[in-house]
Amino acid sequence: MNDLDMDALLGSEDDDGSYRRRASGPSRSARSRSRRRRRRNRRKGFAASVFAIVIVLGILGGGGYYGYRWLNDVLVPDDYTGRGSGEVTIEIKEGQSATEIAQTLVEEDVVKSARAFTDAASAAGKIGSLQPGVYKLRKQMAAEYAVEALDPKHRLRTTITIPEGLRLSQVLERLATATGRPVEEFERAAKRRKDIGLPSYAKALEGYAFPATYEIPPNKTPKDILTDMVGRFEVAAEKADLVEGAKERGLTPNQVITLASIVQAESGKKSDMAKIARVLYNRLNRTPPMMLQMDSAVLYGVGKFGLHASAADRASDSPYNTYRRLGLPPGPICNPGDDAIEAALNPAKGNWLFFVTTDPKNKITKFAETQAEHDRNVAEYNRNRAGG
């Protein structure tokens, strides 16, 4: 190793002959330059960061506005304002959900969006209680007002009460008057047995146009109305267990309804019905059987109304003439209600064979087991009839 190499390795020799090790690495000036360079880089990095933050805040500021707009559109559904204008008829059908109703309202331009309506219905506590029917609303209504308009008390409907004991011809006349439709439309519909849902044992609508109170919306046809009446009869028949009860009586369901119609026509009061039914059964089951001799059936057969059949009426060839024919007439003579059907299925106990309404004004009916007793009751009836 030469002297140059050794000096580099061991350092230079001092004046006193000792060696001093030379410091390795960059010089002091180099380190100073490095520090200055790092400070400059830090200042540049800080400035860049501040600039980046400013840019991001600017983006977020603009994006926030549009984000707010987007969230607002998502959270607040489109809705009209005010109570709207014009007029539109809406039908809510049985079983429709609030969402389905809302879609109908959107299609008819009643509300602006389905969600506006469902939100308003939910806020009003009516999301599950909207009732079927026909309603009159306006175009472009605020959803809350549309919900108000669909209150059941605002339904468009005609209310009609059909009392017990009316003949079918009377029922159809009343329906025509109430709905403003020609009675001929109801008469045609009444002949379409299958279309109006008559049970298989019913020969015609007479006896099955059930007496009750009906709400008739304006869009219902005569067929729809009569179908509803037959449907109401089916409810009553099931409640009374008509089919099984008729079988126990040895009759068909149609014969029970025929007997019930006579009970209905002949009764002045509900309390008399089961006793009148018993008179009919006693006559039918007597050996030999007795003719029923019911004026109500005779009058039906000749197309008359009233309480008393004349001698000429009783001499008619009508199949409903129970003075000349044994057994029940071929079909009902009016439309009986629940009480008459119940009486026909569950007659009172007794041996009566006769009855007469001795005082029609006060609806007093007297029953008798013998002809002599009955004759006295008839005489009382004649006296009351003569006295007005």
- Is any side-chain N of the basic residue among Arg324 and Asp317 closer than 4.0 Å to the acidic one's carboxylate O? yes
- Item | Main-chain N/O of Asp78 paired with Ser113 side-chain donor or acceptor, under 3.5 Å | yes
- Task: Check whether any side-chain heavy atom of Pro347 lies under 4.5 Å from a side-chain heavy atom of Arg249, and answer yes or no.
- Result: yes
- Task: Keeping the roles fixed (side chain from Ser316, backbone from Ala312), state whether a donor-acceptor pair exists under 3.5 Å.
- Result: no
- Could you tell me which residues satisfy side-chain contact (heavy atoms from CB on, under 4.5 Å) with Leu284, sequence neighbours excluded, listed by chain and number? Leu259, Leu292, Leu328
- Message: I need the minimum non-hydrogen distance between Pro332 and Asn254, along with the two atoms involved.
- Response: CD-OD1, 4.0 Å
- Item | side chain to side chain donor-acceptor pair (under 3.5 Å) evaluation trace for Thr221 with Asp224 | CA-CA 5 Å; Thr221 66; Asp224 296 332; 3.0 Å; yes
- Task: Please determine, by modelled atom types, if Asn335 and Glu206 share a side-chain donor-acceptor pair under 3.5 angstrom.
- Result: yes
- Query: Is it the case that more than 12 heavy atoms not belonging to Lys139 sit under 6.0 Å from its NZ atom?
  - Reply: yes
- Message: Within the structure provided, determine whether Ile162 and Met229 are in side-chain contact (heavy-atom separation under 4.5 Å).
- Response: yes
- Message: Restricting to non-hydrogen atoms, name the atom on Gln264 and the atom on Cys334 that form the minimum distance, rounded to 0.1 Å.
- Response: CB-SG, 4.0 Å
- Counting only heavy atoms not in Gln371, do more than 12 sit closer than 6.0 Å to its CD atom? yes
- Please confirm whether the backbone N or O of His374 pairs with a side-chain atom of Asn377, one donor and one acceptor, at under 3.5 Å? no
- Query: For Arg138, does the CZ atom sit with more than 12 other heavy atoms under 6.0 Å from it, leaving out its own atoms?
  - Reply: no
- Query: Can a salt bridge be assigned to the pair Asp339 and Lys270 using a cut-off of 4.0 Å between side-chain N and carboxylate O?
  - Reply: yes
- Note on the structure: Students should find that the hydrophobic cluster of Met290, defined by side-chain heavy atoms under 4.5 Å apart, otherwise consists of Leu353, Phe354
- Query: Are Val230 and Ile257 connected in the hydrophobic side-chain network, where two residues link if heavy atoms are under 4.5 Å apart?
  - Reply: yes
- Query: Can Tyr135 and Asp151 be said to form a side-chain contact (heavy atoms from CB on, under 4.5 Å), step by step?
  - Reply: CA-CA 9 Å; Tyr135 299 82; Asp151 190 297; 5.9 Å; no
- Task: Examine the side chains of Ser310 and Asp313 and answer whether a donor and an acceptor come within less than 3.5 Å of each other.
- Result: yes
- How far apart are the C-alpha atoms of Glu108 and Leu137, what are their side-chain angles, what is the distance that settles it, and do they pass the side-chain contact (heavy atoms from CB on, under 4.5 Å) test? CA-CA 10 Å; Glu108 295 292 338; Leu137 290 89; over 6 Å; no
- Query: Is a side-chain N or O of Lys112 found less than 3.5 angstrom from the main chain of Ala142, in a donor-acceptor match?
  - Reply: no
- Could Glu148 and Arg83 be called an ion pair, given the rule that one side-chain N must be under 4.0 Å from one carboxylate O? yes
- Task: Might you confirm whether atom NZ of Lys269 has over 12 heavy atoms from other residues, nucleotides or ligands at distances under 6.0 Å?
- Result: yes
- Task: Please check if the side chain of Tyr281 supplies one atom and the backbone of Ala344 the other of a donor-acceptor pair under 3.5 Å.
- Result: yes
- Task: Answer yes or no: is there a donor N or O on one side and an acceptor on the other, between the side chain of Gln170 and the main chain of Arg167, under 3.5 Å?
- Result: yes
- Message: Is it the case that atom CG in Leu307 sees more than 12 heavy atoms from other parts of the structure closer than 6.0 Å?
- Response: no
- Do Phe367 and Ile276 touch side chain to side chain, with heavy atoms closer than 4.5 Å? yes
- Task: Run through Leu175, Leu156, Val134 and flag the one making a side-chain contact (heavy atoms from CB on, under 4.5 Å) with Ile216.
- Result: Leu175
- Between Asp228 and Lys220, does at least one N-O distance fall below 4.0 Å, as a salt bridge requires? yes
- Cluster overlap Ile333 with Met273, hydrophobic side-chain contacts below 4.5 Å: yes
- Task: Using modelled atom types only, decide if a donor and an acceptor are shared between the side chain of Arg193 and the backbone of Leu198 within a distance under 3.5 Å.
- Result: no
- Query: Checking Asn384 side chain against Thr358 main chain: does a donor-acceptor pair fall under 3.5 Å?
  - Reply: yes
- Item | Main-chain N/O of Ala143 paired to Asp79 side chain as donor or acceptor, under 3.5 Å | yes
- Are Leu150 and Tyr80 grouped together when hydrophobic residues (ILVMFWY) are joined by side-chain heavy atoms under 4.5 angstrom apart? no
- Query: Got a donor-acceptor contact below 3.5 angstrom from the Arg278 side chain to the Lys349 backbone?
  - Reply: no
- Any Pro329 side-chain heavy atom under 4.5 Å of Ile262 side chain: yes
- Message: What I want to find out is whether Lys136 reaches Glu87 closely enough, with some N-O distance under 4.0 Å, to be called a salt bridge.
- Response: yes
- Query: Taking NZ, NE, NH1 and NH2 as the nitrogens, is one of them in Asp295 or Arg314 under 4.0 Å from a carboxylate oxygen of the other?
  - Reply: yes
- Using the six-membered ring wherever Trp is involved, compare the ring planes of Phe233 and Tyr201 and label them parallel, tilted or perpendicular (cut-offs 30° and 60°). perpendicular
